[in-house]
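For reference, the structure is listed below as structure tokens.
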2 protein chains.
Amino acid sequence: MNTSFENLKQELKEKNINLSYQRLKVLEYLNNNRCHPTVDKIYTDLHKELSTLSKTTVYNTLRVLAESGMVRVITIEDNETRYDINVENHGHFKCDSCGEIYDFSVNIDSLIGEGLDGFMINSKNVYFNGICPNCLSNKN
Amino acid sequence: MNTSFENLKQELKEKNINLSYQRLKVLEYLNNNRCHPTVDKIYTDLHKELSTLSKTTVYNTLRVLAESGMVRVITIEDNETRYDINVENHGHFKCDSCGEIYDFSVNIDSLIGEGLDGFMINSKNVYFNGICPNCLSNKN
DNA sequence: ATTAGATTTGTAATGATTACAAAATTAAAA
DNA sequence: TTTTAATTTTGTAATCATTACAAATCTAAT
Ligand SMILES: [Mn+2]
Ligand SMILES: [Mn+2]
Ligand SMILES: [Zn+2]
Ligand SMILES: [Zn+2]
């Protein structure tokens, strides 16, 4: 049980979110799989060791975690919502060929939008699309 | 028939996209309704004057226009894809209270992501979320 | 006018997400 | 520790946006 996961558990406690077994498992999964997984991937993988898990619970848990600000919702493309436990300042690149989502460094916080005086900004997202180096060299 | 719409027609021609009646109507609609409409809104509104229009045609047309780069696809939130005929450099703000999407000015082109050497970037998007001034004053 | 190709249309299928209510679990009260 | 109330989980059904598909219609070239 690494310290990073213990910190996450502590964070849940502080936000008054019950530490149910299922929630801890989902949180642990996100902590160990930083590939921006979909609900279906999270469910399928966890179901192998937790055969009673319901997909609805995965949805519920992700909603709770997202509302509390512990995970970031990535809607770079419709039809597949993805989740990221890394809520720090970074951007996302989706390869249109292989579908992989890469993190990249960009100073989102310093992004100032002109014409947003009086707006309350709760979240900022930067999404790029294109072709990743792997796919470029494979000439897909 | 304004000049802006004539320019769009010309652009379609140059890209070798057939100027069918339905396509022109969708294009004209997007040109006149710069509120980032959903497929359903486009379909419902156009259907009033073009009762034979099929929703599938709206989907098909938007795909053609998006692939040709004439409209921008906005997936700021899953479950509702929106379309924007303004493909110029700008960002989008979605109000979590009223759902309205606002344009704002941000220099997207100058956004450089570190860690993207060797990546081919085809599109850049900046999405903000929060509460708009209207909703803030209405205390929704 | 014929013909081939492209586009439109309506309907059915898909697939992600949500709604819902019963069952199980957890937390609080007694 | 029991009792009770509240929360969470689960499975199934419903919803809703989007896509697949094939027949009908339209367009453009010959
Ligand atoms: Mn990320
Ligand atoms: Mn816009
Ligand atoms: Zn790739
Ligand atoms: Zn608003």
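Letters A, B, ... are given to chains in the order of the sequence lines, protein chains preceding strands, and every chain is numbered from 1.
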**Message:** For a quick check of understanding: with a heavy-atom distance under 4.0 Å over all strands, which category does B:Asn60 fall into, base, sugar-phosphate or nothing?
**Reply:** base
**Request:** To the nearest Å, give me how far apart CG (B:Asn79) and C1' (C:dG15) are.
**Result:** 14 Å
**Spacing between B:Asn16 atom CG and D:dT27 atom P, to the nearest angstrom** = 18 Å
**Fill in**
Note: for B:Asp78 and B:Arg23 on DNA chain C, the residue whose nearest nucleotide lies more 5' is B:Arg23
**Message:** Please pick, from D:dA28, D:dT7, C:dT17, the nucleotide with the shortest atom-to-atom distance to any side-chain atom of B:Asn18.
**Reply:** D:dA28
**Request:** Show which residues join A:Ile121 in its hydrophobic cluster (side-chain heavy-atom contacts under 4.5 Å, direct or indirect), or state none.
**Result:** A:Phe93, A:Tyr102, A:Phe104, A:Val106, A:Ile108, A:Leu111, A:Leu116, A:Phe119, A:Val126, A:Phe128, B:Phe93, B:Tyr102, B:Phe104, B:Val106, B:Ile108, B:Leu111, B:Leu116, B:Phe119, B:Ile121, B:Val126, B:Phe128
**Message:** At 4.0 Å (heavy atoms only), tell me whether B:Thr81 reaches a base, stays on the sugar-phosphate, or touches nothing.
**Reply:** sugar-phosphate
**Request:** Check whether any side-chain N or O of B:Thr52 sits under 4.0 Å from OP1 or OP2 of C:dT9, and answer yes or no.
**Result:** yes
**Message:** Nearest whole Å is fine: how far is D:dT8 C1' from A:Leu12 CG?
**Reply:** 14 Å
**Request:** Go through C:dA16, C:dT8, D:dT12 for me and flag the one nearest to the A:Thr56 side chain.
**Result:** D:dT12
**Request:** In whole angstrom, give the distance that lies between atom OH of B:Tyr83 and atom C1' of D:dA17.
**Result:** 10 Å
**Asked** Heavy atoms under 4.0 Å, any strand shown: does A:Ser20 hit a base, just sugar-phosphate, or nothing?
**Response** sugar-phosphate
Exercise answer: donor-acceptor pairs, residues 56-71 of chain A side-chain atoms, under 3.5 Å, sequence neighbours excluded:
residue: A:Asn60; atom: OD1; partner: A:Arg63; partner atom: NH2; Å: 3.1
residue: A:Asn60; atom: ND2; partner: A:Thr56; partner atom: O; Å: 3.4
residue: A:Thr61; atom: OG1; partner: A:Thr57; partner atom: O; Å: 2.8
residue: A:Ser68; atom: OG; partner: A:Leu65; partner atom: O; Å: 3.0

**Prompt:** If only side-chain N and O atoms of B:Gln22 are considered, is one of them under 4.0 Å from the OP1 or OP2 phosphate oxygen of D:dC26?
**Reply:** no
**Prompt:** Where each residue is assigned the nucleotide of DNA chain D containing its nearest heavy atom, which of A:Ser51 and A:Ile17 is assigned the position nearer the 5′ end?
**Reply:** A:Ile17
**Item:** Donor-acceptor contact present, side-chain A:Asn33 to main-chain A:Cys35, <3.5 Å
**Value:** no
**Prompt:** Just by distance, with hydrogens left out, do A:His92 and A:Asp84 show a side-chain donor and acceptor under 3.5 Å apart?
**Reply:** yes
**Request:** Assess the side chains of B:Thr81 and A:Asp78: does a donor N or O sit below 3.5 Å from an acceptor N or O?
**Result:** yes
**Divergence of helical axes at both termini of the helix from C:dA1-D:dT30 to C:dA30-D:dT1 - five pairs an end, 10° steps** = 30°
**Complete:** Test side-chain hydrogen bond (donor to acceptor under 3.5 Å, both in side chains), reference B:Glu80, set B:Lys94, B:Lys41, B:His36, output is B:Lys94
